[in-house]
2 protein chains.
Amino acid sequence: MKPFARNTVKVSTPRKPAPATAEHAPLQLERFLPYRLSILSNTISQAIADDYQRRYDISVTEWRVMAVLARFEGLSAREVAERTAMDKVAVSRALARLVEAGRVSRVTHDDDKRRSVLGLTEAGWTMHDEVAPMARAREREVLAKLDAEERAWLNRILDKLQPIER
Amino acid sequence: MKPFARNTVKVSTPRKPAPATAEHAPLQLERFLPYRLSILSNTISQAIADDYQRRYDISVTEWRVMAVLARFEGLSAREVAERTAMDKVAVSRALARLVEAGRVSRVTHDDDKRRSVLGLTEAGWTMHDEVAPMARAREREVLAKLDAEERAWLNRILDKLQPIER
DNA sequence: TGCAAATGGTTTCATATGTAACTATAACGG
DNA sequence: CCGTTATAGTTACATATGAAACCATTTGCA
């Protein structure tokens with residue numbers, strides 16, 4: 001494999017597949033499931049996050065923590081970690097910021113002083129009630145690209161690829 | 001003390017949805033598309049990356065750059081960025097490591113000295129030829145959870161949600 | 001021409017994230 | 001009981017990542 005492309009021809013806009021394709025069987029990235037999922041996931045998450053990140057100075061991880069606390073009252077940090085699929089360090093940090101910002105309340109558990117008991121504050125609820133509808137609206141926008149049948153299949157497929165635990 | 005006389009509510013294992021649910025309409029995270037995609041994407045990417053990261057000391061972004069260079073010879077950094085959907089800083093850094101490691105060759109373009117002309121080296125190809133089949137195998141494992149019909153729908157859905165440009 | 005604007009790419013800095021170590025408390029086994 | 005082990009959570013450190021500033025070169029056009 002000599003780099004004979006040294007000087008000559010059309011180096012300018014090399015759109016052609018590499019010659020070695022046949023022998024090397026390179027990955028077709030844009031057809032590769034993990035890659036596609038990663039792009040799609042980032043695109044969508046970012047679009048939604050843009051909506052609230054600037055406005056409320058909150059990160060995706062913090063928002064997820066809040067979303068979980070909106071549904072389940074009095075969770076411990078570990079339980080939040082479970083439900084958000086984040087690791088406990090990430091949760092700890094998100095909580096630090098959220099408590100600091102006055103959006104989450106934290107007291108220590110009566111019977112187990114290691115645990116904390118978490119919940120949204122007034123301010124937390126207020127923000128939640130503004131962000132949640134935005135997030136849902138964005139989700140609808142994305143799903144609007146699909147028809148009902150496709151949406152059904154998507155759900156089914158996601159369920160199979162990743163069984164929701166609990 | 002009397003375990004009975006717990007005056008506070010039962011903070012012990014709060015599995016019940018928060019009482020405020022009705023008025024606040026909290027997000028059901030585990031049914032929320034962006035969240036599910038993010039989890040799924042991370043799970044899968046991580047599983048695959050684990051295969052080669054340790055073994056070759058290479059990151060996902062570096063691998064993606066290599067995969068693109070395996071298919072398209074002589075790309076510039078900017079073109080790599082386009083095709084990997086990474087930003088140019090990330091590409092620049094990945095390339096620095098790859099060139100350093102002797103896996104990618106870089107020369108400056110003859111007609112435009114700003115550009116670089118990139119390609120895999122011998123060592124790069126060797127590694128590529130070991131990693132690519134692994135990645136494909138992993139993808140197959142994931143897709144094996146679906147039947148043929150579901151796989152077809154998945155493809156169709158991904159195409160609609162995220163048209164492949166170019 | 002010549003000079004402002006655009007482009008390819010790298011560097012810098014601030015922030016995010018993951019791993020491992022650490023602190024405090026609780027549970028367990030003899 | 002008492003010492004070991006496990007668990008909840010935080011801190012420290014090292015690495016990754018993104019935005020903006022930056023350098024070099026090329027392009028557009030008066």
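Below, chain A is the first sequence line, B the second, and so on; all start at residue 1.
Rounding to whole angstrom units, CG of residue A:D110 and P of C:dT25 are separated by 15 Å. In this structure, the CD atom of B:E79 is 11 Å from the C1' atom of C:dG8, given to the nearest Å. Residue B:R78 contributes atom CZ, which lies 21 Å from atom P of D:dA24 at whole-angstrom precision. For the pair A:K88 NZ and C:dT23 P, the interatomic distance rounds to 14 Å; values are reported in whole Å. For the pair B:L75 CG and C:dG9 P, the interatomic distance rounds to 10 Å; values are reported in whole Å. One can place CD of B:E62 at 8 Å from P of D:dA16, the figure rounded to the nearest angstrom. Atom CG of B:D50 is separated from atom C1' of C:dG18 by 13 Å (rounded to the nearest Å). Summarising the geometry, the separation between CZ on A:R115 and P on D:dA6 is reported as 18 Å, rounded to the nearest angstrom.
Within the 4.0 angstrom heavy-atom criterion, only backbone atoms of the sugar-phosphate kind lie near A:K113; the bases stay farther away. In this structure, A:S59 reaches neither bases nor backbone, as no heavy-atom distance under 4.0 Å exists between it and the strands shown.
With D:dT10, D:dG18, C:dT25 as the candidates, the nucleotide lying closest to the side chain of A:R114 is C:dT25. Listed nucleotides: C:dT10, D:dG9, D:dA19. Nearest to the side chain of B:R106: C:dT10.
For A:R93 against C:dG18, a side-chain N or O and a base N or O form a donor-acceptor pair under 3.5 Å.
Salt bridge annotation for A:R31-B:D159: present, with a cationic side-chain nitrogen under 4.0 angstrom from a carboxylate oxygen. A salt bridge is defined here as a Lys NZ or Arg NE, NH1 or NH2 lying under 4.0 Å from an Asp or Glu carboxylate O, and A:E30 with B:R71 meets this definition.
The shortest distance between the side-chain N/O atoms of A:S116 and the OP1/OP2 oxygens of D:dG9 is below 4.0 Å. In terms of phosphate contacts, B:S76 brings a side-chain nitrogen or oxygen within less than 4.0 Å of OP1 or OP2 of C:dG9.
Each of A:T61 and B:V91 has a nearest nucleotide on DNA chain C; the 5'-most of these lies closest to B:V91. Nearer to the 5' terminus of DNA chain D, by closest-nucleotide assignment, is the contact made by A:L95 (compared with the other of B:D112 and A:L95).
Taking all atoms of both residues into account, the shortest heavy-atom contact from B:W63 to B:H128 is CH2-CD2, 3.7 Å. Heavy-atom minimum distance, B:L146 versus A:K160: CD2-CB, 3.9 Å.
In the hydrophobic cluster analysis, where Ile, Leu, Val, Met, Phe, Trp and Tyr join through side-chain heavy atoms closer than 4.5 angstrom, B:V89 is grouped apart from B:L118.
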